There are 2 protein chains.
Amino acid sequence: MLTLERKALILETLNSEGRVVAKDLSQKLDLSEDTIRRDLRELAAEGLLQRVHGGALPASKALTDLPTRRKTAVSDKTAIAKVAAAMVKNGQIVFLDGGTTAVAVARALPLELNATAVTHSPDIAVALLDHPGIEIELVGGRIYKHSNVTVGAVAMEGIAHIRADIYFMGVTGVHPEQGLTTGSREEAAIKRSISRQSAETIVLASHEKLGAVSAYDVISLDQVDGIIVERNCAREFSDAMASKGVSLIKA
Amino acid sequence: MLTLERKALILETLNSEGRVVAKDLSQKLDLSEDTIRRDLRELAAEGLLQRVHGGALPASKALTDLPTRRKTAVSDKTAIAKVAAAMVKNGQIVFLDGGTTAVAVARALPLELNATAVTHSPDIAVALLDHPGIEIELVGGRIYKHSNVTVGAVAMEGIAHIRADIYFMGVTGVHPEQGLTTGSREEAAIKRSISRQSAETIVLASHEKLGAVSAYDVISLDQVDGIIVERNCAREFSDAMASKGVSLIKA
DNA sequence: TTCTTTCGTGCAATATCGTGCATAATCAAG
DNA sequence: CTTGATTATGCACGATATTGCACGAAAGAA
């Protein structure tokens, strides 16, 4: 990767996300943090951004309000996203669900990765657009507006013709007794279908999902191959899941 | 291989990929890196590209001005978009293809309208998300990243099962003699297919498209039912089209 | 406070660059 | 066809740029 290209990417990220973190950039670009820091220092010297401890902020202060709010919502999930992204290997076909956590996974995929991403979420497709090594396959169908994913017979049929290596599933509730649940019948059906077509099913469960139960069953706990939770996951929940034979992956 | 030919190839690669790397070029062309570097130096001396350590970038400035360009481009198209949006009646099925003009149409649809929008562009789907009365149907397939629309066999099949009342088609070139053209073979095929499935085909042509010709034919002028152009459309172009029996709709 | 993370600088290893020069290819005129 | 001139190409080598690591300083968090 060319230096100027990298700097342009940093500025672009800064524009779209409102801030950049040195460590994240070094992971994503597969470079040492020293190099990233050098870039940030040089960009700051040119007045193109404002250096802060840990990363950088836009040079102008005008736009900082909205992006920050949005960023905090997402940043809680970046730890889970990074662990998930690291599970994807070159050449694999990965299915990404809808939802903010899955978008975070999409953004966390290393730039040097070559893989195929299948998704029924337009948001995911857009998030992956400028990833050079990812081929994007979009599943068509009627858009379920509440979650912004495609559902219905057309989506089911589209999924039926795809086999993925790994599926990152987002759900509304993860409960030791009730299993995995979500808030819409159609989404539940889609998720079941995707899971059947995938060699591995990994659940992404940010803290507010733990112990929660929603209206519609998705699949039972013994059908998933892993659940990624935040590091500070409640001990009580962790033990309850362990007693069900489900081991959690802590981010 | 001739030197000039090689330089042309380098510039072409630079245009399509946004960058060139000296080592990659030397491997691809089976020449020493020295020769490539010489070429790059000479092209840089002519101002045709920007030399950087490791390769070269386009002569035009950084990517930072791209978002702004994109934004202004959209705002210029609102006049066309409003006229198009006003053509949609309650209960109709409308096909919107990719491109900034189509996004503008999506945004311009009256809030009280109830209709179904079919699209192969994730951008359009997202733009329509908070429109209460629009049912969104997304056509799946492989994402063609340059335009951010789905293409390929899957998309073609998805389109084959839908009949729309009206199709708003975006193109790269509208020419009195050459007809409608676009820059990618796959997109051209998709557009043809959509047009066949739609009762009416309306072309959205912002000023920079008028008189332009791109690489791939889409459909001939007598297959379209209307072309929406900006109000200040050149008289000369308007007359040339009229002599072909095509009447323009001025926004 | 103490501890952890991040920063900045110096330094060594590697990659890339530019120049000079020798060889090979191309071409025009005889 | 041959010859000489011009150009293109590859190689060598010193110069410069980039990167990662080490270590002490500084900033934040507990």
Side-chain angles (χ1 to χ4, degrees), chain A residues 1-11 13-14 17-59 64 68 71-72 75-76 78-79 81-83 86 108 110-113 132 207 230-233 235 250-251, chain B residues 1-14 17-59 62:
Chain A
M1 159 143 325
L2 278 49
T3 305
L4 275 184
E5 216 180 339
R6 195 176 55 227
K7 288 187 184 175
L9 185 69
I10 290 175
L11 289 176
T13 307
L14 193 55
E17 312 221 354
R19 70 165 181 175
V20 290
V21 177
K23 183 181 281 188
D24 294 352
L25 284 172
S26 77
Q27 284 184 10
K28 183 158 177 160
L29 301 174
D30 196 28
L31 287 169
S32 76
E33 293 181 39
D34 301 70
T35 302
I36 300 299
R37 273 198 291 271
R38 249 184 291 251
D39 288 345
L40 294 181
R41 244 176 286 163
E42 288 168 16
L43 288 169
E46 296 176 47
L48 297 174
L49 54 75
Q50 179 188 353
R51 194 77 172 78
V52 297
H53 202 86
L57 296 173
T64 46
T68 336
K71 192 55 199 167
T72 51
S75 70
D76 294 333
T78 51
K82 278 181 203 161
V83 171
L111 277 187
E112 69 275 12
L113 179 72
H207 62 86
E230 280 154 22
R231 182 190 310 275
N232 56 5
C233 160
R235 181 60 178 271
K250 300 209 175 182
Chain B
M1 158 151 323
L2 279 54
T3 303
L4 276 183
E5 216 178 330
R6 194 175 57 227
K7 288 188 182 175
L9 184 67
I10 290 175
L11 289 176
E12 201 176 321
T13 308
L14 191 57
E17 314 226 347
R19 66 157 183 184
V20 289
V21 178
K23 182 181 282 187
D24 294 353
L25 283 173
S26 79
Q27 286 183 8
K28 185 168 156 189
L29 302 175
D30 196 30
L31 288 168
S32 76
E33 294 182 38
D34 301 70
T35 303
I36 300 299
R37 273 198 291 270
R38 248 184 291 253
D39 289 345
L40 293 181
R41 244 175 289 163
E42 289 167 15
L43 288 169
E46 297 176 46
L48 297 174
L49 53 76
Q50 178 190 357
R51 192 77 173 79
V52 298
H53 202 88
L57 297 173

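All values reported here derive from a predicted model rather than from experimental measurement.
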Side-chain contact, heavy-atom cut-off 4.5 Å: [X] with [Y]?
| X | Y | value |
| --- | --- | --- |
| A:Leu2 | B:Val21 | yes |
| A:Leu31 | A:Arg6 | yes |
| A:Leu57 | A:Leu49 | no |

[atom1]/[X] to [atom2]/[Y] distance, rounded to the nearest 0.5 angstrom?
| X | Y | atom1 | atom2 | value |
| --- | --- | --- | --- | --- |
| B:Arg19 | A:Leu4 | CZ | CG | 12.0 Å |
| A:Leu14 | A:Leu9 | CG | CG | 11.0 Å |
| A:Asp24 | A:Glu17 | CG | CD | 9.0 Å |
| B:Lys28 | B:Leu25 | NZ | CG | 7.0 Å |

Nearest whole angstrom, please: distance from the [atom2] of [N] to the [atom1] of [X].
| X | N | atom1 | atom2 | result |
| --- | --- | --- | --- | --- |
| B:Leu40 | C:dT16 | CG | P | 13 Å |
| B:Gln27 | D:dG10 | CD | P | 14 Å |
| A:Arg51 | C:dC7 | CZ | C1' | 8 Å |

Rounded to 10°, tell me the angle between the two end axes of the helix from C:dT1-D:dA30 to C:dG30-D:dC1, each built from five pairs.
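About 40° separates the two local helix axes.
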Below 4.0 angstrom from OP1 or OP2 of C:dT5, is there any side-chain N or O of A:Lys23?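 For A:Lys23, the contact criterion (side-chain N or O under 4.0 Å from OP1 or OP2 of C:dT5) is not met.
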Fill in: Phosphate-side-chain proximity, A:Arg41 and C:dC7, N/O vs OP1/OP2 below 4.0 Å
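For C:dC7, OP1/OP2 do not have a side-chain N/O of A:Arg41 under 4.0 Å.
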Pair A:Glu42 + A:Lys7, salt bridge at N-O below 4.0 Å: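 Looking at A:Lys7 together with A:Glu42, the answer is yes, because their closest N to O distance falls below 4.0 Å.
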Under a 4.0 Å heavy-atom criterion, the protein footprint on nucleotides 17-30 of chain D, written with B, S and -, is SSBBBB----S---
(Q) Please classify the nucleic acid contact of B:Val21 as base, sugar-phosphate, or nothing, using heavy-atom distances under 4.0 Å. (A)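 Nothing, no heavy atom under 4.0 Å.
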